[in-house]
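Just below is one structure, and these are the notes that go with it.
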Amino acid sequence: MINWNEIETKWRKVWNDSKDFETNPNEKQKKFITVAYPYPNSPQHIGHGRTYTLADVHARYYRMKGYNVLFPMGFHYTGTPVLGMAKRIQNQEKEILDGLRNVYHVPEDAIKTFVEPIKIADYFHEEIKSGMIEMGYSIDWRREFTTIVPGYQKFIEWQITTLKENGRIIQGSHPVGWCPDDGNPVSQHDTMGDVEPKIDDKNFLVKFNFGEFIFPVTTLRPETIFGVTNLWVNPNVTYKKVQVDDKVWICSEACAKKISFFEKQVEIIGEINGNEIVGKLAINHDGREIPILPADFVEPEMGTGLVMSVPAHAPKDYQALMDLKSQNHELALKIEPIPIISTPDYGEFPAKEICEKLGVSNQTDDKLEEATKDLYAKEFSDGKLNEKCSQFNNEKVQFGRDKVRSYLEEKGTLEKFPILENAPVKCRCGAECVVKILNNQWFLNYGDEEWKNLARNCFDEMNILPNNIKTEFNEVIDWLHERACARQQGLGTTLPWDKDWIVESLSDSVIYMAYYTISRFVNDGTVSPDNLTKEFFDYILLDKGDIKLAASTSKLAEDIINTMKKEFNYFYPVDSRHSGRDLVQNHLSFFVLNHVAVFEKKLWPQEIVVNGSVMMDGAKMSKSMGNIIPLRTAIRDHGADPIRLAIISSAELLQDADFNMESVTGIQSKLESLLEECSRLENTPLPELQAEDRWILSKLQSLIGTVTESVEKMRLREGLHDILFSFESDLSWYHKRVQAKDRDDINGILYKINSARVAMLSPFAPHIAEEMWQKLGNNTLASKTQWPEFSDDNVDATSIQSENLLKSTIDDIANILKVTKITPKKIVLYVTSDSTKKKIYRKMLSIMVGGQNNMGIVMKELLSNPDTADAKKMPDFVQKTIKDLHSESEEIKKMKLESDNFDEKEFLSSELCSIGKKEFGVDITVFAESDSDIYDPKGKARHARPFKPAILIE
RNA sequence: GCGGGAGUCGCCCAGCCUGGUCAAAGGCGUAGGGUUUAGGACCCUAUCUCUCAGGAGUUCGUGGGUUCGAAUCCCACCUCCCGCACCA
């Protein structure tokens, strides 16, 4: 049994002592690899470990390739979650305390300090950092920071100011979930049951004129304004007369309350009964008179408590109208639905059709919900507005809706009426949350086409791994619009020009990688945060202004400024940014958008690597399921390397990785046996190479080639599999061959093979690879050795073909034995020696190497050449050979064509006899077709073809 | 609705990017054998169908297409999973 922790601690100390991962600029080419930093409100679990592990493998690989690799890390303190946690801890809420004690195993005296939000972040910061160190991540810790240290805040102030100066920030209003009691915005962490308040801002308020009053209704479908036949009011409800700014609205009391949060002056000044309104007329946007009718389905809590009626397209409206008609309601009898949308699968009156189809009985029928949902979806996706919609005639509903919306907005008859989609949402204080429209909010104007185009430009030239996620990025860029970049609470940096606001957490984490390049100077005291002025950053990061200005405002010596500037210029741009796929829609896209908004093109990011999440035994990890394994626990129990490999080997980049114990133990035993093997091997000279030696060394070359390619493309699962598992089958064939010959001189060859394997394993499993490397007798570090180079020269084409011949011949013999079920007494092989056949074979190779395999064409070619014209006499041979070659890969065909003919008879007699005897227990004799002493009682010899010996078994 | 991903030989899952070496790796299960006092663990062999000479047939969600050739490329359809914001 390996003591993983002991080995790992040992090698971590060696790395640490030699400061291998502390990276400063030098004459070598650089790679700047970064991962999205963690938010420290819980310990990291195996899932978090994935992104960091992938990035670490990447970093370690490039280090071995000879690059000067910078792999830094920071901690994202910005935001509100720890605030909510602290509040809950202060309230002694059992749920969170239990979680801290039982799931996260936080010591009691630490929990006591958690009433202070920063203490929570500090605790988990250290916890996460320790885990990263224990995982063996090759991070330059000298550059570490949190996002609330003064230096970083200076940087963020500079960033946000620069964005504002560049015209990227605008001001406007937007809706948030809001606790009326606390007077604060609420997010997931502030609500009971941790529900995210979801705001539907596709809901609109449309105003009708009603005498001196406004008669407001809400709708999700503003385009249906053209099909309104009447309005609905609940006759049993007492409505309020409400002074809203300079107008008086009639609406429900609930509505009055809602709009009071929409930045309006709201005052209830009177009452009016629903039935008082019934039968009266209101005026729509273009002056048409619309009668007001009674309906029971109208709920005062919904919207404004008033409804507009579009009976042609809204099943509820249709049914309510029918109900009234059946009561011979005088006004209702005069009303006919006005169809305004034509939809393929429906006739003129879709609402009527669907109500009749579902057999709706009256306006309180539950089936109406389904009918409404179906019809809305169908009309949205397939419907077109008709001529009743005047200038919007022929627009598809999905586009027309927005046009109608802005048309009405301009007329002043429509405004936004955002609602809480998942209401009721309760704040932790117990109050029911509402939607509040915040005015004067600051936005990053991601909707700006010119900005989007810069981002598209950047994406086009960037390497995105895996490549198929590129379309998703394009989608996100298309779809992004203004995004709030400031909040009123939480940790972070205040807006320099508006101290009421704090820079929002997703906006202060977009170009901070630049800060890594200079943070070590702040950390070691060379400069203090006060020195980091706007002019200083302008000069260092944007090459704006000049050294004199930077020096005078920052009060720093010019040579210090120049050193820092050089360091930034050396490491920037970011060569690779790693992150989980959940950040595609926000962080990674913002990362690009902000880079293109701040930096010139040569400093734009070069690559993004996106990975999927981690499942636990096939299930999603979650606290409630109790299947979260803290990373540090896992390291302690199983070792860092086995966990790294289990994460890497279970899925390709974008797929969800499944973590399970079997794979961990499987990997442990694999590593253990490799370690044992390494301990047995010594660096002895290579023996004189035999066929199988040349073959396995060729295979090693292709292993190096494929693993290198895999790692370059971050297909780490594939690469790791090739190193650890796929190559095993080649090795076992090699051992079979060697054993059949009773050889004991292969130590040097195995040493060479395993040295390459261990070196390639090093980025994946760095600790155990060092141990193996040492056991192989090296006194250098595996992590500092050169990545094995693929070399074409070491690929022996002949040995690959001959080994294939050997295997296929053995397969053929086994196949015959299986089918015939005879017990062999004697096996005889006949190889072709016919020079005509060989000539034809080579000629066919040359014809077929381009992909040609049409019998007619091949034959024509053969006959046109006098050397191979004899093919006419052996069409059977030609046909079978086409089949043989047809199933060979292009690569092998080329190899065969390029290499000289080798002597099949000699090879098979010397190589097949030993291994064949072992396999089948009888002697194998090999004849050439033309041998004078040939033993061929059944006339099999003539069937022999190149690389396809004829076989006789007795 | 919009967007993304997936559907493979009893099950899980690779292969698809870069078409031919694919009846298709690996694991599980199943069957036979070995080892073991027994159990377990381990090792070997077999595992789509047919076939007493290395062969043939039918398979990779469904239906088309491109190609000499398709699990792999293109189109359509069906089914399942995930994300849709001011939150890290």
Side-chain angles (χ1 to χ4, degrees), chain A residues 36-42 76 78-82 174-177 185 187-189 196-199 201-202 376-378 380-382 397-398 438 441 443-444 446 466-469 471-476 478-487 490 504-507 509 581-587 589 612-613 618 620 650-652 654-656 658 662-663 666 709 713 715 717-718 721 725-726 728-729 804 808-809 811-822 848 851-857 882 885-893 938 940 943 948-953:
Chain A
Y37 46 28
Y39 183 78
N41 69 335
S42 63
H76 199 196
T78 314
T80 54
V82 286
H174 101 284
V176 293
S187 62
Q188 189 176 349
H189 324 279
E196 175 79 30
K198 278 198 186 289
I199 292 166
D201 64 351
K202 297 268 184 290
Y376 275 29
K378 190 78 186 159
F380 180 73
S381 57
D382 303 338
V397 172
Q398 32 185 312
L438 283 180
Q441 169 65 286
F443 293 92
L444 283 160
Y446 291 144
N467 199 255
N468 55 11
I469 200 142
T471 50
E472 199 169 327
F473 276 111
N474 288 330
E475 259 331 296
V476 174
D478 286 351
W479 161 90
L480 276 170
H481 54 261
E482 307 75 44
R483 183 176 181 108
C485 62
R487 302 202 64 178
E504 189 270 332
S505 57
L506 283 176
S507 304
S509 57
R581 78 171 306 172
D582 49 330
L583 298 188
V584 167
Q585 277 132 327
N586 44 55
H587 170 259
S589 294
S613 62
K620 209 170 174 161
S650 86
E652 217 43 90
L654 208 52
Q655 249 134 41
D656 288 342
D658 186 30
E662 292 96 279
S663 63
E709 199 194 328
K713 292 185 176 164
R715 300 163 68 138
R717 192 188 84 103
E718 196 174 272
H721 259 262
F725 302 106
S726 312
E728 289 293 291
S729 62
N804 281 350
S808 66
T809 307
D811 282 351
D812 280 348
I813 295 171
N815 210 338
I816 295 169
L817 291 175
K818 182 189 155 196
V819 173
T820 59
K821 300 190 180 83
I822 53 181
M848 291 180 67
Q852 180 56 257
N853 66 353
N854 181 289
M855 173 83 180
I857 292 170
I882 285 179
L885 289 175
H886 169 80
S887 57
E888 302 257 47
S889 74
E890 199 68 4
E891 213 183 335
I892 294 279
K893 275 187 258 182
K938 295 214 170 141
K940 294 274 182 193
H943 294 300
K948 195 78 182 167
I951 300 167
L952 171 72
I953 300 176

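Side chains are part of it too, since the values below use all heavy atoms of this structure and drop only hydrogens, waters and symmetry mates. Here is how names work: the chains are called A, B, and so on, in the same order as the sequence lines, proteins then strands, and each is numbered from 1.
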Round to the nearest Å and state the distance from [X] atom [atom1] to [N] atom [atom2].
X        : N     : atom1 : atom2 : answer
A/Leu480 : B/C87 : CG    : C1'   : 15 Å
A/Asn586 : B/G83 : CG    : P     : 13 Å
A/Phe473 : B/G83 : CZ    : C1'   : 13 Å
A/His76  : B/A88 : NE2   : C1'   : 8 Å
A/Ile816 : B/G54 : CD1   : C1'   : 4 Å
A/Asp812 : B/G54 : CG    : C1'   : 5 Å
A/Asp582 : B/G3  : CG    : C1'   : 16 Å
A/Glu718 : B/A14 : CD    : P     : 12 Å

Write down the atom of [X], the atom of [Y], and the distance for their closest heavy-atom approach.
X        : Y        : answer
A/Tyr39  : A/His76  : CD1-O, 2.8 Å
A/Leu583 : A/Ala36  : CD1-CB, 4.1 Å
A/Ala484 : A/Ser507 : O-OG, 4.3 Å
A/Thr78  : A/Glu504 : CG2-C, 4.5 Å
A/Asn41  : A/Pro81  : ND2-CB, 4.0 Å

So what's [N] paired with, Watson-Crick or G-U wobble, going by both distances under 3.5 Å?
N     : value
B/U49 : B/A56
B/C84 : B/G1
B/A76 : B/U62
B/C28 : B/G10

Quiz item: Excluding sequence neighbours, so at least two apart, what forms side chain to side chain donor-acceptor pair (under 3.5 Å) with A/Asp812?
Solution: A/Lys948
Per [X] side chain, nearest of listed nucleotides [options]:
X        : options             : answer
A/Lys948 : B/C86, B/G55, B/A88 : B/G55
A/Ser505 : B/A88, B/C86, B/A53 : B/A88
A/Trp479 : B/G4, B/C84, B/A14  : B/C84
A/Leu583 : B/A53, B/A88, B/C84 : B/A88

Exercise. Assign each of A/Glu709 and A/Pro40 to its nearest nucleotide of RNA chain B by heavy atoms, then name whichever residue's nucleotide is nearer the 5' end.
Key: A/Glu709
Quiz item: Between A/Pro949 and A/Lys713, which has a closest nucleotide on RNA chain B that is more 5'?
Solution: A/Lys713
[M] and [N], which share atom name [atom1], separated by this distance in whole Å:
N     : M     : atom1 : result
B/A76 : B/C86 : P     : 34 Å
B/U18 : B/C12 : C1'   : 27 Å
B/C82 : B/U47 : P     : 39 Å
B/C13 : B/U8  : P     : 8 Å
B/U62 : B/G57 : C1'   : 22 Å
B/A46 : B/C9  : C1'   : 15 Å
B/C16 : B/U72 : C1'   : 4 Å
B/G63 : B/C42 : C1'   : 49 Å

Quiz item: For A/Arg487 and B/C87, is the shortest distance between a side-chain N/O and OP1 or OP2 below 4.0 Å?
Solution: yes
Practice problem: Check every strand shown and say whether A/Ser808 touches a base, only sugar-phosphate, or nothing at a heavy-atom separation below 4.0 Å. | Solution: nothing
Quiz item: Looking across every strand, which nucleic acid part, if any, lies under 4.0 Å from A/Leu506 by heavy atom: base, sugar-phosphate, or nothing?
Solution: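 Since a base atom lies under 4.0 Å of A/Leu506, the category is base.
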Quiz item: Can you find an N or O donor on one side and an acceptor on the other, under 3.5 Å apart, linking the side chain of A/Arg715 with the base of B/C17?
Solution: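 Such a pair is found, so the answer is yes.
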Quiz item: With a 4.5 Å limit on heavy-atom distance, are the side chains of A/Gln441 and A/Val176 in contact?
Solution: no
